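Remember, predicted model here, so these are calculated numbers, not experimental data. Atom set for the values below is all heavy atoms of this structure, side chains included, hydrogens, waters and symmetry mates excluded. Throughout, residue positions are numbered sequentially from 1 according to the sequence presented. We count ligands from 1, going down the list as the structure has it; atoms in each ligand are counted the same way.
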Amino acid sequence: ASDPPIVFHWLPIIGSAIWYGNDPINFFQSCQEKYGNVFTFILLGRKVTVALSSKGSNFVLGGKSTAFNAEEAYKHLTTPVFGKDVVYDVPNEVFMQQKKFVKFGLSTENLRAYVGMVEDEVEEFLKTDVRFRTYQQNDINEWGSFDAIAAMAEITILTASRTLQGQEVRENIDKSFSQLYTDLDGGFTPLNFLFANLPLASYRKRDRAQKKMSDFYVDIITKRKQNPDGDHQHDMIASLLDQKYRNGDRLRDHEIAHIMIALLMAGQHTSSATLAWTMLHLAARPDIGDALYAEQVARFGNPDGSLRPMSYEDLRHLPLLDSCVRETLRIHPPIHSIMRQVREDVVVPATLAAPSKDGVYVVPKDTYVLASPLISQVDPRIWKDSEKWEPARWNDAEGVAAQALKSYVDESGEKIDYGFGAVSKGTDSPYQPFGAGKHRCIGEQFAYLQIGTIIATLIRRVELQLPNPVPEHNYHTLILMPKDPKSVHYRRRKF
Ligand code: HEM
């Protein structure tokens, strides 16, 4: 047995940190060509073994959780931001119960109640936000513009707080909450991933904001307990107040507070980045913007030309809207690196990386392992015109990925047959924007609801155009964001 090949680097300790940090996709693809699906790189003194392709994802995400540990990979980033006693600050078995509590709060009944709330928030935003002045002037010939990231970030937090986070958060969003959020978010960067604590202002602000944010939620919980008749039945705090651990204990107030912070952080950048990318692509392809509008008219059109409001059920019957989001998540999945730490020596399956002359590869205990579903999501052997944003690939007559090959021969000569698997949720699927396995995202339905409702509401009101090409990826944020310029032009629709 031997260690996986080490990526060549000039600088000890620093290793490949700069290449990986500046352009992880190019780094992974270049290394894949040179070393195959499995290789190790040095990231500031740490060893990170990357496992690419759908088999690589299966290796990392489908491995047993006693061997592949998420807490050790993430807690130095997340605990200072979320707070103690939740998520990666507790044993996995406890977090899995907390995850179940959250899932419970994302019930279909609650989701159903959210669609109208999201629609209301977006309409209110269009009527009041300064970026939509041109829209407010009611002139259908005049073009205005907005910054895709900034506008979508705001709509995301407004809609998430109106629905999941609850009335008290929504009422404070323009006041104290917004600054606390900004400071806390300043602690959620690649630097924080590399160094849990540094003597920097951003770290001090993070810690102060965490404390205040935690107190803010605890205060909400205390008031709700004093006044149990308030009307909060569909939000997450209400749901968490009802839950019990297996040993019969209820969640403590600070645990609820910290779960709420975790959900805020987990959903904010992922959803707003997806929205920003989708708006940019729609603006670059007015034909698809028009088709989306036509889809709305076909389903919601009233005889007088107006459109009726949407419901949760409606969202399942808008295949083009669905495929626009799906396609954005294929080429711009917000999370490009999924990490674990291995707690024991693990053997790399020979089908994933052909054995070296010394035998199979073994990833030694304590090494970090990394899966990047993005690489198979843009693999030209799997997807036709893989770099192109083409929502139509997701809805052919059979409802299967039309332009996704149904099978391909991988580098070891094995025929991989995906069939419907191209959209499967398995740990070996080549499409995993929400991850897979034990740590898979539980926010997917909420995210689709939120993103879908926001896009549909905007597309009903405005046409879009893009003055520049769709921006490239900015890899300097934890979440894949568009670089500048990200200005989108809009004009009010007739109705
Ligand atoms: C986990 C992506 C929205 C809550 C994950 C993972 C990915 C992901 C890739 C797996 C991480 C890993 O295995 O290490 C996304 C994307 C989103 C989104 C692309 C939106 C487009 C949300 C929202 C929420 C949420 C809205 C909450 C309401 C979570 C939670 C986990 C998770 C609780 C579980 C982490 C674990 O078990 O370790 N998400 N997410 N996500 N996500 Fe999301």
Among all protein heavy atoms, pick the one closest to [atom] and tell me residue, atom and distance.
| atom | value |
| --- | --- |
| atom 37 (O) of ligand 1 | K99 NZ, 2.7 Å |
| atom 4 (C) of ligand 1 | A266 CB, 3.6 Å |
| atom 30 (C) of ligand 1 | I442 CG1, 3.9 Å |
| atom 43 (Fe) of ligand 1 | C441 SG, 2.3 Å |
| atom 2 (C) of ligand 1 | P433 O, 3.5 Å |
| atom 11 (C) of ligand 1 | H439 O, 4.1 Å |
| atom 24 (C) of ligand 1 | G443 CA, 3.6 Å |
| atom 15 (C) of ligand 1 | F434 CD2, 3.7 Å |

For the rings on [X] and [Y], is their centre-to-centre separation under 6.0 Å?
| X | Y | result |
| --- | --- | --- |
| F195 | Y203 | no |
| F188 | F193 | no |
| H473 | H336 | no |
| W383 | W394 | yes |
| Y20 | F28 | yes |

Original post:
So Y448 and F434, would you call those rings parallel, tilted or perpendicular, with 30° and 60° as cut-offs?
Top reply: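 Taking F434 first and then Y448, their aromatic rings sit tilted (interplane angle of 30° to 60°).
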**OP:** Evaluate the ring planes of F27 and W19, with Trp represented by its six-membered ring, and classify them as parallel (under 30°), tilted (30 to 60°) or perpendicular (over 60°).
**Re:**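 Correct class here is perpendicular.
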Part of [X] with heavy atoms under 4.0 Å of ligand 1, whether side chain, backbone, both or neither:
| X | result |
| --- | --- |
| A447 | side chain |
| M339 | neither |
| L164 | side chain |

**OP:** Show which atoms of ligand 1 fall inside a sub-4.0 Å distance from at least one heavy-atom site of G267.
**Re:**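 Close to G267: 23 (C), 26 (C).
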Original post:
Going by the order shown, which atoms of ligand 1 are within less than 4.0 Å of some heavy atom of T274?
Top reply: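 That gives atoms 21 (C) of ligand 1.
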Below 4.0 angstrom, N of the basic side chain to O of the carboxylate: do [X] and [Y] qualify?
| X | Y | value |
| --- | --- | --- |
| E390 | K384 | no |
| E327 | R330 | yes |
| K225 | D253 | yes |

Original post:
If you measure every N/O of T270 against every N/O of ligand 1, is any gap under 3.5 Å?
Top reply: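 No, since none of the N or O atoms of T270 sits under 3.5 Å from an N or O of ligand 1.
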Original post:
Does an N or O from R340, backbone or side chain, lie closer than 3.5 Å to an N or O of ligand 1?
Top reply: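 In this structure, R340 places an N or O atom under 3.5 Å from an N or O of ligand 1.
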Original post:
With a 4.5 Å heavy-atom cut-off, do F95 and E71 have their side chains touching?
Top reply: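 Counting from C-beta outward, F95 and E71 never come under 4.5 Å.
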Test item, [X] contacting ligand 1 (heavy atom, 4.0 angstrom):
| X | answer |
| --- | --- |
| P334 | yes |
| I335 | yes |
| Y74 | yes |

Original post:
Just going by heavy-atom distances, which of F68, Y448, Y88 is nearest to atom 38 (O) of ligand 1?
Top reply: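 It is Y88 whose heavy atom sits nearest to atom 38 (O) of ligand 1.
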**OP:** Apply the salt bridge (charged side-chain N to carboxylate O under 4.0 Å, His left out) test between E168 and each candidate in R162, K223, R224, K175; give the one that qualifies.
**Re:**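 Per the salt bridge (charged side-chain N to carboxylate O under 4.0 Å, His left out) rule, the option paired with E168 is R224, out of R162, K223, R224, K175.
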